[in-house]
Amino acid sequence: MGQVRRTQEEVLDNITKAQQARRRHMTLKQDIITMSHGAGGKSSHELIEGLIRPILANPVLDSLDDAAVLPLSRFVSLDNGNLPELAFTTDSYTVSPVKFPGGNIGDLAVNGTVNDLAMSGARPIALSLGLILEEGLPVALLREVLESIAAHAKELGISIVTGDTKVVPRGKGDGLYINTAGIGIVERTWPMGQHLIQPGDKVLISGSVGDHGIAVMLRREGLEMESEVQSDTQSLYDLVHHLFVHMGSAIHALKDPTRGGVATTLNEMAVSSDVAIKVYEDAVPVKESVRGACEILGLDPLTIANEGKMLVVVAKERADEALSLMRQHPKGQDARIIGEVQEEPRGMVFLQTLLGGTRVLDMLVGDPLPRIC
């Protein structure tokens with residue numbers, strides 16, 4: 001019994017040390033940039049917190065939400081004071097291969113940028129498009145990507161209003177990279193963000209996890225499964241709007257778990273709000289084809305990127321209502337309640353396993369799936 005007690009104390013001591021480490025100012029330890037710095041996990045977090053954010057720090061940037069919310073009243077004054085809040089975001093896409101089951105780099109860029117705006121409670125209104133083309137890129141492929149961008153933008157009722165094109169020498173790129181920026185009108189009228197999560201809140205996800213990352217990886221490596229895995233790339237604005245209309249201020253935070261997957265995104269939320277998040281492994285939806293691929297590749301579905309799913313944190317008393325509303329929408333039919341917010345241990349995420357045990361669910365370490373978005 002004494003040994004068990006000491007073991008428990010050691011575990012708790014290690015958790016406490018980890019909490020303290022997360023609260024300390026991070027420093028970038030490496031002297032050079034590695035691929036893991038772009039994976040969305042611990043190394044990315046160190047790059048942002050240890051180098052980029054301290055140099056560029058300001059109150060808007062420091063929130064580290066998916067899009068910056070800019071109250072125009074801070075910059076412009078009108079007699080009647082009726083100025084909207086704007087949301088502004090930017091993202092770059094280097095996915096390889098450019099075409100993958102379920103989509104291509106073009107619709108991925110549109111959907112990803114629109115989703116970042118939606119996660120801040122904004123209706124997208126316009127995008128910019130920056131193209132970096134490698135010498136030798138087939139014009140037919142570029143045309144296909146541009147047509148996909150145009151079709152998805154039209155479907156969403158937004159326009160590509162400005163852009164830029166650069167060409168780099170053969171061997172100095174990888175075919176095609178895209179940068180987008182997006183602006184939107186903030187529709188919510190209540191405070192919302194990953195720093196506003198409260199103990200007792202419930203955590204929901206809109207559907208199965210890991211689809212996009214596994215779809216890209218299988219195509220890149222030329223691996224075949226019994227049933228093809230399709231990317232989940234899609235716009236989530238209409239699902240967010242559906243929730244806003246019915247749930248209002250009961251929604252405390254929205255995040256799309258892209259690079260680093262659900263595990264990394266939940267850790268970011270826990271650190272931002274200084275809370276703990278408990279996740280039920282048996283509640284997390286994972287398609288059998290994705291689970292099978294993860295077992296073969298030695299990957300955890302919870303650390304795999306998604307491009308058409310969102311995490312929703314809502315007030316406890318309205319979680320069942322939120323779940324019902326999400327399941328009524330075509331993009332939320334497989335929604336689940338997957339966890340809850342707790343007070344302790346602050347800044348940590350825990351997984352209640354299928355076997356009834358509990359383990360720390362940490363951020364993605366390394367870069368098992370490079371170039372997936």
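Values in this document were obtained by computation on a predicted structure and should not be read as measured data.
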Only residue of Thr233, Asp256, Asp116 satisfying side-chain hydrogen bond (donor to acceptor under 3.5 Å, both in side chains) with Asn111 is Thr233
Short side-chain to backbone donor-acceptor contact, Glu134 and Val168, under 3.5 Å:
no
Donor-acceptor contact present, side-chain Asp91 to main-chain Thr113, <3.5 Å:
no
Here the salt bridge (Lys or Arg N to Asp or Glu O under 4.0 Å) pairs for residues 293-316, sequence neighbours left out, are Asp211-Lys309, Asp232-Lys309, Asp300-Arg359
- Query: Step by step, would you call Arg123 with Glu187 a salt bridge (Lys or Arg N to Asp or Glu O under 4.0 Å)?
  - Reply: CA-CA 7 Å; Arg123 172 174 56 85; Glu187 294 184 318; 3.4 Å; yes
Worksheet item: Quick one: do Asp174 and Arg371 make a salt bridge, cutoff under 4.0 Å?
Response: yes
Contacts satisfying salt bridge (Lys or Arg N to Asp or Glu O under 4.0 Å) that involve residues 138-157 (not counting sequence neighbours) are Lys99-Glu144
Which of Val313, Val271, Ile277 passes side-chain contact (heavy atoms from CB on, under 4.5 Å) with Leu266? It is Ile277
* To do: Run the numbers on Val360 and Val349 for side-chain contact (heavy atoms from CB on, under 4.5 Å), then give the verdict.
  => CA-CA 6 Å; Val360 174; Val349 180; over 6 Å; no
Under a 3.5 Å distance rule, please check whether Asp320 uses its side chain to pair with a backbone N or O of Arg318 as donor and acceptor. no
Sidechain-backbone polar pair: Trp190 side chain, His252 backbone, donor-acceptor under 3.5 Å
no
Note to self: Check the orientation of His242 and His329. Use parallel for under 30°, tilted for 30 to 60°, and perpendicular for over 60°.
What the structure shows: tilted
### Query
Side chain of Ser273, backbone of Leu196: donor and acceptor closer than 3.5 Å?
yes
